[in-house]
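The block underneath contains the structure these notes are about, expressed in structure tokens.
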Amino acid sequence: MIIQLNENITTEQENFVRGIVTKTGYALNEVKTKRQRYLVCVGNKPFDIRTIGNLPGVHDVHYVADANKLVSNEWKVKNTVIDLGDGIKIGEGNFSIMAGPCSIENEAQIETTVTFLKQQGIKIMRGGVYKPRSSPYAFRGLGIEGLKLFYKECAANGIKIVTEVMQMDQIEAMYEYVDIFQVGARNAQNFNLLDALGEAGKPVLLKRGISGTVEELLSSAEYIFSNGNEQIILCERGIRTYEKAYRNTLDLNAVPYLKSKTHLPVVVDPSHGVGIRAYVESMSLAAVMAGADGVIVEIHENPEKAFSDGQQTLNFTEAELLVDKLRKTYQLRETFQ
Ligand code: PEP
Ligand code: MN
């Protein structure tokens, strides 16, 4: 059960509501986002929500059976739209293309990518400055100095930034340079990081864990929301299966499943999902038709020279073709609705 409280509820009124709920045997969790205060009530005793709905100070009350309550669309009629400012939105009628290199490498690379994105009308650039790498000897990112270069170029050109944060103590320094914090697959269940991003309040692109289930992805999103941040984008990025022919198995089932379960936007990362450049286009277009709200794709002026993930990275010519096909496919999908 979720109780939405009015902004001006008095302490007395709130205590009365809390009293009824706890007496019935429900555990109460208070959640405060920028927009609303909620009491998330966990329990399974039969409860007539009308006994609460008409009480003074209560805005609305909803019965939510799903274990992941705040991210469930059982209670929220309208889907969540992430507003990045300057008219750039993710979710519900906005098909978002996020593109950029796996890793931010140097100033020249940022500049050429930004120029390309502008030519293509792409408003969100991806690029890692903190890179989770299997080998400690691989390139691990330029860190905060790289992020400052990334920000300087993007801010000057009206491009928003999505970049990975790997640990809690990076959030503060990164905060002013980031539009969307990415939580990578390896950190999908780093609950302390999720708590901290909930408190930080900036949009979060939450990737599915390498061997995570979709329900675990929703639970991770619930961590962020229950700490006060409802601006969450879910990202299917492939899971590890017994199949060895490609890097991961992109689970496109997840898209309609998640869309039917949650009000949060769902995007797909076909680059990590398949891990082979030649198949990125097909899987991107398939993601659109599966109902995704956007894609996040790795591109590089010269993928052979990329510091990381070159094998799954599109060059600018391939990316231009993909962007055109993505937009046409999205238009086609829209005609179905
Ligand atoms: C990335 O986006 O470059 C990345 C490391 O992604 P993931 O966490 O999905 O592997
Ligand atoms: Mn990558």
Side-chain angles (χ1 to χ4, degrees), residues 96-105 109-110 113 124-136 138-143 146-147 150 160-167 170 174 178-190 193-194 197 203-214 216-217 220-221 224 232-241 246-252 254-255 258 266-277 279-280 283-284 287 292 294-315 318-319:
S96 304
I97 302 175
M98 301 173 237
C102 179
S103 300
I104 295 297
E105 298 167 2
Q109 177 221 31
I110 304 168
T113 311
I124 307 170
M125 179 163 161
R126 62 144 292 143
V129 294
Y130 293 110
K131 297 303 303 176
R133 303 304 300 274
S134 302
S135 164
F139 178 65
R140 294 170 69 181
L142 296 181
L147 181 58
F150 191 5
K160 304 293 178 189
I161 289 178
V162 53
T163 193
E164 177 161 355
V165 55
M166 284 181 60
Q167 53 193 60
Q170 292 165 345
M174 291 175 78
V178 170
D179 297 289
I180 306 171
F181 280 113
Q182 175 174 317
V183 175
R186 291 153 195 82
N187 264 320
Q189 286 192 312
N190 180 341
L193 179 65
L194 301 175
L197 288 168
V204 176
L205 184 138
L206 175 64
K207 291 201 171 190
R208 180 175 177 180
I210 290 175
S211 52
T213 66
V214 282
E216 284 165 345
L217 176 62
S220 294
I224 299 170
I232 308 159
I233 304 145
L234 301 175
C235 180
E236 165 57 40
R237 51 78 72 201
I239 45 173
R240 184 165 286 177
T241 68
Y246 20 82
R247 185 176 181 183
N248 288 302
T249 298
L250 184 63
D251 175 19
L252 286 181
V255 179
L258 290 169
V266 177
V267 303
V268 170
D269 173 349
S271 307
H272 295 86
V274 63
I276 300 169
R277 184 181 311 135
Y279 310 130
V280 168
M283 298 318 292
S284 303
V295 290
I296 177 163
V297 186
E298 288 183 338
I299 66 167
H300 193 285
E301 194 181 20
N302 189 350
E304 278 69 36
K305 295 242 168 83
F307 288 11
S308 56
D309 283 352
Q311 79 291 343
Q312 65 193 29
T313 298
L314 304 183
N315 65 33
E318 292 160 338

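All ligand and atom numbering here is 1-based and tracks the order in the structure. In this text, all values refer to a predicted model and were calculated from it rather than measured experimentally. Below, all heavy atoms of this structure are taken into account, side chains as well, without hydrogens, waters or symmetry copies.
For the pair Gln109 (side chain) and Ser103 (backbone), a donor-acceptor distance under 3.5 Å is present. For Lys131 (side chain) and Cys102 (main-chain N/O), a donor-acceptor pair under 3.5 Å exists by modelled atom type.
For the pair Arg247 and Gly275, the tightest heavy-atom approach, listed with the atom from each and the gap, is CB-CA, 3.7 Å.
Checked against side chain to side chain contact (heavy atoms under 4.5 Å, CB included), Tyr130 has the following partners two or more places apart in sequence or in another chain: Ile144, Met166, Gln170, Met174. Residues forming a side chain to side chain contact (heavy atoms under 4.5 Å, CB included) with Arg140 (at least two apart in sequence, or on another chain): Arg133, Pro136.
Closer than 2.8 Å to the Mn ion (ligand 2) sit the protein N, O or S atoms Cys102 SG, His272 NE2, Glu298 OE2, Asp309 OD2.
By the 4.0 Å N-to-carboxylate-O rule, Glu164 lies too far from Arg186 to be salt-bridged with it.
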Legend entry - Candidate pair Asp309 and His272, rule side chain to side chain donor-acceptor pair (under 3.5 Å), full reasoning: CA-CA 9 Å; Asp309 283 352; His272 295 86; 3.0 Å; yes
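Residue Tyr279 qualifies as open at atom OH: its count of foreign heavy atoms under 6.0 Å is 12 or below.
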Exercise answer, ligand 1 polar atom pairs (N/O) under 3.5 angstrom:
unit_1	atom_1	unit_2	atom_2	d
ligand 1	2 (O)	Arg126	NH1	2.8
ligand 1	2 (O)	Arg126	NH2	3.3
ligand 1	2 (O)	Gln182	NE2	3.0
ligand 1	2 (O)	Lys207	NZ	3.1
ligand 1	3 (O)	Arg126	NH2	2.9
ligand 1	3 (O)	Lys131	NZ	2.9
ligand 1	3 (O)	His272	NE2	3.2
ligand 1	3 (O)	Glu298	OE2	3.3
ligand 1	6 (O)	Lys207	NZ	3.0
ligand 1	8 (O)	Ala185	N	2.7
ligand 1	9 (O)	Lys207	NZ	2.9
ligand 1	9 (O)	Arg237	NE	2.7
ligand 1	9 (O)	Arg237	NH2	3.4
ligand 1	10 (O)	Arg186	NH1	2.9
ligand 1	10 (O)	Arg237	NH2	2.7

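Taking 4.5 Å as the limit, every side-chain heavy atom of Leu147 sits out of range of all side-chain heavy atoms of Ile104.
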